[in-house]
Amino acid sequence: MTLNLSVSPDFPPSHLSGWFIFNTWLQRQLGTGVHLELYDSFEAQREDIRSGKIDLIYANPYDASMLVRELGFKVLVRPRNLSDETLIATLASDPREKVEDLESGITVATTADPDVHTMGMIMLESADLDGGNVTFLELDSYVLVAKALLNGNADVGFFLQAGYDELSELIRKQMKPLVNSQISVVHHTLVAGPRMEQHIPLLLERLTNMEHDPKGQDVLKSMGLDGWDQMHEEQTEFMIDLIDTLID
């Protein structure tokens, strides 16, 4: 039986090869076939998740509630020292220096990344801005969000902090952050589906010890990760409850 691995569409493109390397490592650890399936959109990925086509996923925190509470997935680990934070940026030449300087009628460049968009909207509330008095320009990537700012097609952009940091120095020099979230307890997580149940004990052991194995260290480096920390049930429930509260 071949298992299917997928990755949230918001992972940094520079680490694409790292996920293929991880997929090969995973097959060797589990002794079974694993196919890496990548998606351009959250909607297409969620459709296949609900159809039972995905067994292991590096999931966006927004999707954790659906995966765990609706579909019976189990959160295994989270990346060490890598929380999901949101950043709102504008042009470096823009006279506005903080979110409170923004006014109704602005255009916001964003992506379909649900937790980043949600957190970005929460941070705009301090300027009395909401979906009723701003215009959204939804784009497929953070590179395109930055391009919209640089081309004057948007006033501000919502970025995953890691996505912003992945932009070239040349691009980042032309922008400036107005605000960053500092939640620290919201993470992408590696989540296993029901067909993975027999593999979970071995997979947990191998994942949490990757950093102690030379080959595992190389795989982690290719993915831009320091290591994996196990997520216990109470940590998972806390994160899901927090995300659900932010959405509501």
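Numbers here are sequence positions counted from 1. Values reported hereafter were calculated over all heavy atoms of this structure, with side chains retained and with hydrogens, waters and symmetry mates removed.
Put simply, the side chain of Ile106 reaches to within 4.5 Å of the side chain of Glu103, judged on heavy atoms. Proximity of Gln230 to Gln235: side-chain heavy atoms (C-beta onward) are nowhere separated by under 4.5 Å. Looking at Leu76 and Leu203, their side chains come closer than 4.5 Å, going by heavy atoms from C-beta outward. The shortest side-chain heavy-atom distance between Leu38 and Phe20 falls under the 4.5 Å cut-off. Contact of the Ile240 side chain with the Leu242 side chain is not registered, since no non-hydrogen atoms from C-beta on lie closer than 4.5 Å. Annotation: side chain of Thr32 is in contact with side chain of His199 (closest heavy-atom distance under 4.5 Å). The closest side-chain heavy-atom distance from Leu82 to Asp226 is not below 4.5 Å. Within the 4.5 Å cutoff, no side-chain heavy atoms of Asn133 are placed close to those of Asp128.
Taken from CE in Met239 to OG in Ser83, the straight-line distance is 11.5 Å, to the nearest 0.5 Å. Atom CG of Leu36 is separated from atom CH2 of Trp19 by 8.5 Å, given to the nearest 0.5 angstrom. The CD atom of Glu100 sits 9.5 Å away from the CG atom of Leu178 when rounded to the nearest 0.5 Å. In this structure, CD in Gln29 is found 11.0 Å from OG1 in Thr24, a value given to the nearest 0.5 Å. Taking OG from Ser141 and CG from Asp113, the interatomic distance works out to 11.5 Å, rounded to the nearest 0.5 Å. Distance check: Lys176 NZ to Ser93 OG gives 7.5 Å after rounding to the nearest 0.5 Å.
Formation of a donor-acceptor pair under 3.5 Å by the Asn151 side chain with backbone atoms of Asn153 is not found in this model. In this structure a side-chain-to-backbone donor-acceptor pair under 3.5 Å is present from Asn209 to Glu205. Judged by distance alone, the side chain of Asp55 and the main-chain N or O of Arg195 form no donor-acceptor pair under 3.5 Å. At distances below 3.5 Å, at least one donor-acceptor pair connects side-chain atoms of Arg172 with backbone N or O atoms of Leu167. A donor-acceptor pair under 3.5 Å is absent between the side-chain atoms of Asp63 and the main chain of Asn60, judged by distance alone. Judged by distance alone, with hydrogens and angles left aside, the side-chain atoms of Glu85 form no donor-acceptor pair with the main-chain N or O of Gln161 at under 3.5 Å. Within the 3.5 Å criterion, the main-chain N or O of Gly120 finds no donor-acceptor partner in the side chain of Thr86. Of the possible polar contacts, none joining the Asp115 side chain to the Asp84 backbone as a donor-acceptor pair under 3.5 Å is found.
Only one option out of Glu37, Lys53, Gln45, His35 pairs with Ser6 in a side chain to side chain donor-acceptor pair (under 3.5 Å); it is Gln45.
Checked against ring pair (Phe, Tyr, Trp, His ring centres under 6.0 Å), His15 has no partners two or more places apart in sequence or in another chain. In this structure Phe238 satisfies the ring pair (Phe, Tyr, Trp, His ring centres under 6.0 Å) test with no other residue, sequence neighbours excluded.
For CD of Gln182, the number of neighbouring non-hydrogen atoms (other residues, nucleotides, ligands) closer than 6.0 Å is 12 at most. Residue Glu233 places its CD atom among 12 or fewer non-hydrogen atoms of other residues, nucleotides or ligands, all under 6.0 Å distant. Surrounding CD of Glu47 are at most 12 heavy atoms belonging to other residues, nucleotides or ligands under 6.0 Å away. In Asp140, the CG atom is not crowded: 12 or fewer heavy atoms of neighbouring residues, nucleotides or ligands sit closer than 6.0 Å.
Nearest heavy atom pair, residue Phe159 against residue Tyr142, reads CE2-O, 3.4 Å. Between Thr90 and Asp94 the shortest heavy-atom distance is OG1-OD2, 3.3 Å. Considering every non-hydrogen atom in both Ala192 and Met196, the closest pair reads CB-CB, 3.8 Å. Among all heavy-atom pairs drawn from Leu91 and Leu150, the shortest one is CD2-CD2, 3.6 Å. Between Ile54 and Phe73, the closest heavy-atom pair is O-CZ, 3.4 Å. Between Met123 and Asn180, the shortest heavy-atom contact is SD-C, 4.0 Å.
Placement of Ile243 and Leu160 within a single hydrophobic cluster is found when ILVMFWY residues are connected by side-chain heavy-atom separations under 4.5 Å, directly or transitively. Using a 4.5 Å cut-off between side-chain heavy atoms of Ile, Leu, Val, Met, Phe, Trp and Tyr, with links allowed through other members, Leu190 and Met223 fall into the same hydrophobic cluster. At a threshold of 4.5 Å between side-chain heavy atoms, the hydrophobic network of Ile, Leu, Val, Met, Phe, Trp and Tyr places Leu56 and Met66 in two separate groups. Side-chain heavy atoms closer than 4.5 Å link hydrophobic residues (I, L, V, M, F, W, Y) into clusters, and following such links, possibly through other members, connects Ile171 to Leu137. Cluster annotation: Val108 is connected to Leu87 through the hydrophobic network of ILVMFWY side chains, with a link wherever side-chain heavy atoms come within less than 4.5 Å.
Between the side chains of Thr110 and His117, a donor-acceptor pair is found at a separation under 3.5 Å. If you check the side chains of Asp48 and Tyr39, you find a donor sitting under 3.5 Å from an acceptor. Donor-acceptor pairing under 3.5 Å is recorded for the side chains of Asp10 and Ser8.
Between Lys215 and Asp218, no side-chain nitrogen of the basic residue sits less than 4.0 Å from a carboxylate oxygen of the acidic one, so the salt-bridge criterion is not met. Arg80 has a carboxylate O that lies under 4.0 Å from a charged side-chain N of Asp229, or vice versa, which qualifies the two as a salt bridge. Here Asp155 pairs with Arg96 in a salt bridge; the nearest charged N to carboxylate O distance falls below 4.0 Å. Ion pair Lys74/Glu197 not flagged as a salt bridge, since none of the NZ, NE, NH1 or NH2 atoms sits closer than 4.0 Å to an Asp/Glu carboxylate oxygen. Between Asp241 and Arg69 there is a salt bridge, since a side-chain N of the basic residue sits under 4.0 Å from a carboxylate O of the acidic one.
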Thr111 vs Glu138, side-chain contact (heavy atoms from CB on, under 4.5 Å): CA-CA, chis, key distance, verdict
CA-CA 5 Å; Thr111 66; Glu138 186 172 305; 5.6 Å; no
Test side-chain contact (heavy atoms from CB on, under 4.5 Å) on Asn4 and Val34 and set out the steps.
CA-CA 6 Å; Asn4 290 314; Val34 182; over 6 Å; no
Apply the test side-chain contact (heavy atoms from CB on, under 4.5 Å) to residues Val77 and Leu204: give CA-CA distance (whole Å), side-chain angles for both, the deciding distance (0.1 Å), then the verdict.
CA-CA 8 Å; Val77 292; Leu204 266 175; 3.9 Å; yes
Trace of the side-chain contact (heavy atoms from CB on, under 4.5 Å) decision for Leu220 with Glu211:
CA-CA 7 Å; Leu220 288 169; Glu211 65 195 274; 4.0 Å; yes
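The aromatic rings of Tyr58 and Trp228 sit perpendicular, their planes meeting at an angle over 60°, well past the 30° parallel limit. Using cut-offs of 30° and 60° on the angle between ring planes, the pair Phe22 and Trp25 is parallel.
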